[in-house]
Amino acid sequence: MINSVGKKRILRFAISAAVALLSIVALVIACIILEAPIRQAAPTDVAAGSGVSFLGDTFVSAPHNGTAVSAYGADGGKKWETPLSSEVVSLHRAAPYLAVSLQNKHVVLLSENGAVVWEYDLKYNVKNIAYRPEFCKLIISASVTSTQNYLFAFEDIADFSAVTGFTYYYSADATPAGVGIDPKNGDFWYAEYNANLYRLSRDGLTQNGISKAVFISAHTPQSFFISDGGLFVFGAQNGNLNIYNSAFAPVYAKKLANARLNLVYGGGGKALSVANNGSLAFIELGEKVKVSAAGGISSAVGFDYSASGVAVLSSDKALAFYDSENANAVAACKVMKPVALVLTVLSALVMLVCYLTLFHSFGDKVAAAFRGLGKGMYKSKKYYLMLLPAFAFLAVFVYYPVAWGFSIAFQRYENGVFAEWVGFANFAGIFKNTYFTGGIKNMLLFLVTDLLKATIMPVLIAELIISMRSKRSQYWSRILMYIPGILPGVASTLIWVTGIYGSGGLMNQIFGAFGSAEYASFNFLGSVKTAMPSLIFMGFPWVGSYIIIYGALMSIPPSLYEAAKLDGCGRFRRVFAIDLPMIFAQMKYLFVTTFVGSMQDFNRVYLTTEGGPMGATYVPALELFKNINNLKDYGAAAAMGIFLFVIIFTGSMVLLNVKKSKEGPMV
């Protein structure tokens with residue numbers, strides 16, 4: 001027979017095992033989902049290409065320096081190959097045709113089976129192309145240089161074999177961002193990099209056949225197209241996606257990346273955006289615009305998009321096919337990575353508890369601990385309920401951002417666009433970052449001097465004030481010493497930058513008064529030799545938190561001083577024999593807070609020299625700040641933050657445990 005204790009142990013083990021099993025199942029499912037690849041295996045027999053595009057459900061490419069275009073299925077099997085009269089320069093979609101720009105300045109249209117529909121001597125390199133079979137209209141933008149760009153508009157082309165010349169000729173000075181044909185009325189549209197959009201029609205034409213700018217984009221466009229539903233879609237040079245309706249009212253505006261945004265329209269209201277930093281996003285142009293982040297392709301130099309997937313040409317001229325059906329699932333799973341990490345840790349802990357419950361003593365101790373915890377929480381339930389809102393806010397605004405930051409350190413992360421797991425690559429990049437590693441020396445120099453300034457001068461000033469016989473003198477001395485601490489830190493820094501170190505400032509005037517012509521107009525913060533000493537000297541006389549030391553000295557019992565005086569202890573010896581040992585806790589407090597603040601500080605450098613001149617004042621915390629705000633490299637910044645956190649945490653723990661048994665009370 002099993003006694004009650006045995007039954008409890010069995011029940012306890014069963015519950016723990018069930019929870020552990022559920023945790024393992026959830027973890028496995030999360031890992032499977034998180035690793036759901038957006039990429040399919042690249043077709044094995046696709047040659048390295050100079051271009052890539054789609055024709056229906058097949059994607060096409062041309063070998064680098066090749067004179068033929070080949071079509072492939074999603075499995076990589078070749079469907080057809082068409083030889084051409086010259087080397088292929090680029091491929092452009094002109095559904096239901098494929099437009100091919102050749103080295104001999106010809107443009108060729110291919111049908112879905114690879115047949116040559118039309119070949120025309122354009123005499124210029126194709127930049128953009130748009131075709132609307134329902135209006136029998138074709139428009140091509142071409143260029144010679146960045147300031148010599150031309151538009152060729154062809155109309156009434158129901159039969160391409162009968163087209164022998166263009167109907168209209170347009171010239172433009174600005175670089176073309178894209179062309180389009182309005183699906184509602186067949187008007188030609190032309191977007192330039194100068195943020196102007198032109199309507200090319202017979203109405204309101206000016207010189208050279210270009211109408212006046214009817215619309216100016218909110219951001220300088222990098223790419224442009226008109227959807228089947230008549231939406232005007234702009235990919236901006238700053239990474240913004242801007243969409244307008246036919247009346248140019250904004251429909252959608254959001255920053256997708258921190259790099260130039262290139263757009264490809266796949267037809268059927270679906271588009272793809274690829275930024276120059278490789279971030280991908282899928283765009284659905286329905287009644288409501290939907291944008292789904294889908295990871296990144298850092299080496300993409302050419303790409304196209306259709307319902308079957310994404311074809312990408314990499315910088316090494318390799319061609320790959322990407323499945324787009326699970327893009328939304330992958331995007332959602334990227335967001336769930338931190339949850340998966342937490343789940344991994346919890347699963348490991350639960351499995352450990354499950355294993356340890358097999359042992360009688362440990363299981364009983366765990367059960368007793370949980371019973372005691374439960375009883376204590378129930379007994380004080382009203383207090384825990386009152387604390388619950390505070391812990392909830394801490395969890396949302398403190399603990400979650402910290403956990404999220406740790407997760408980002410292992411990712412190549414674009415805010416709101418994608419999150420790609422890169423392991424320890426960001427940490428390895430820290431040691432390759434010369435700005436970060438080069439700033440460690442300056443950080444240590446600031447640390448040593450900050451610690452000296454935070455301890456020596458406050459103790460000296462507090463000792464001098466407390467030695468005054470007059471209470472009135474002590475009172476006014478404390479006030480005068482405390483006033484500088486009230487001033488805002490930024491304002492105090494600017495006073496030093498402009499009023500003391502600035503041109504014609506106090507330092508220049510002092511040296512000028514002593515007849516030093518060299519330093520009478522010297523830029524102390526602009527010289528490699530004097531920038532660091534100048535920053536270290538800032539804040540003189542470094543009064544700091546003397547009030548803490550003063551308060552600690554005031555709390556020393558007068559009887560100790562009287563006994564020391566009777567023993568013949570002088571004032572100087574009293575400082576080291578009585579004062580410093582008695583205020584050791586306060587000294588350690590200043591030491592720890594200064595250590596943490598100095599390691600994290602970049603404000604004095606950012607507000608004065610920004611790391612210059614020539615990196616002479618750079619510190620790691622400044623590089624972290626610039627990676628977040630300037631480079632938008634959140635993964636690298638998070639890795640730097642963890643690196644500094646480990647150093648700061650370790651140093652703080654060491655300092656907090658120094659001479660712990662000899663401490664007095666902490667203020």
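Hydrogens, waters and symmetry mates play no part in the numbers below; they use all other heavy atoms, side chains included.
Looking only at atom types and distance, the side chain of Q586 has no donor-acceptor partner in the side chain of Y550 under 3.5 Å away. Defined by atom type and a distance below 3.5 Å, a donor-acceptor pair is missing between the side-chain atoms of E463 and S467. No hydrogens or angles considered: nothing links the side chains of Y435 and N627 as a donor-acceptor pair under 3.5 Å. Side-chain atoms of Y561 and R574 include no donor-acceptor pair closer than 3.5 Å.
In this structure the side chain of M457 reaches within 4.5 angstrom of the side chain of P541, judged on heavy atoms. Side chains of N238 and K255 form a contact here, defined as non-hydrogen atoms less than 4.5 Å apart. In this structure the side chain of F224 never reaches within 4.5 angstrom of the side chain of E192, judged on heavy atoms. The side-chain heavy atoms of L535 and V605, taken from C-beta on, include a pair separated by under 4.5 Å. The shortest side-chain heavy-atom distance between Y252 and N242 does not fall under the 4.5 Å cut-off. Here the side chains of I440 and P620 are in contact, with some heavy-atom distance below 4.5 Å. L263 is listed as a side-chain neighbour of F225, based on a closest heavy-atom distance under 4.5 Å. Put simply, the side chain of N240 does not reach to within 4.5 Å of the side chain of L261, judged on heavy atoms.
Note on ring orientation: taking the six-membered ring where Trp is involved, the planes of F524 and F522 are perpendicular (angle over 60°, cut-offs 30° and 60°). Between F232 and F248, the ring-plane angle classifies as tilted under the 30° and 60° cut-offs. Taking the six-membered ring for Trp and thresholds of 30 and 60 degrees, W404 and Y400 have nearly parallel ring planes, at less than 30 degrees apart. Ring orientation note: the planes of F427 and F410 are tilted relative to one another, at an angle of 30° to 60°. Classification of the F393-F397 ring pair by plane angle, with boundaries at 30° and 60°, yields parallel.
For F540 and F537, the distance between ring centers is under 6.0 angstrom. Ring to ring, F643 and F436 are close: their centroids are under 6.0 angstrom apart.
The two atoms that bring N523 and T530 nearest to each other are O-OG1, 4.2 Å, heavy atoms only. Y190 approaches S141 most closely through the heavy-atom pair CE1-CB, 4.4 Å. Listed here is the closest heavy atom pair of V396 and P401: O-CD, 3.3 Å. Here the closest heavy-atom approach between residue A191 and residue F234 is recorded as CB-CE2, 4.3 Å. Scanning both residues, Q222 and N262, for their nearest heavy atoms gives NE2-OD1, 3.2 Å. A638 and G405 make their closest contact through CB-O, 3.4 Å (heavy atoms, listed as atom of the first residue, atom of the second, distance).
Within the structure, the salt bridge (charged side-chain N to carboxylate O under 4.0 Å, His left out) test picks out the following pairs touching residues 428-457 (sequence neighbours left out): D450-K453, D450-R604.
The line from CG of N442 to CE of M532 is 4.0 Å long, rounded to the nearest 0.5 Å. Taken to the nearest 0.5 Å, the CE atom of M538 stands 6.5 Å off from the OG atom of S492. With rounding to the nearest 0.5 angstrom, the CD1 atom of I465 is 12.0 Å from the CD1 atom of I549. With rounding to the nearest 0.5 angstrom, the CG atom of L525 is 12.0 Å from the CD atom of E610.
Judged by distance alone, the side chain of S598 and the main-chain N or O of T594 form no donor-acceptor pair under 3.5 Å. Remark: the backbone N or O of Q411 is paired with a side-chain donor or acceptor of N426 at under 3.5 angstrom. When atom types are taken as modelled, the side chain of Y606 and the backbone of L622 share no donor-acceptor pair closer than 3.5 angstrom. Listed for the T617 side chain is a donor-acceptor partner under 3.5 Å among the backbone atoms of G612. Looking at T593, its side chain does come within 3.5 Å of a backbone N or O of L590 through a donor-acceptor pair.
With sequence neighbours excluded, the residues forming a ring pair (Phe, Tyr, Trp, His ring centres under 6.0 Å) with F649 are F645, listed by chain and number.
Residue-environment remark: CZ (F625) exceeds the threshold of 12 foreign heavy atoms within 6.0 Å.
In summary, of the residues considered (L445, L451, T449), a side-chain contact (heavy atoms from CB on, under 4.5 Å) with L447 occurs for L451 alone.
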S470 vs M468, side-chain contact (heavy atoms from CB on, under 4.5 Å): CA-CA, chis, key distance, verdict | CA-CA 6 Å; S470 172; M468 293 180 178; 5.6 Å; no
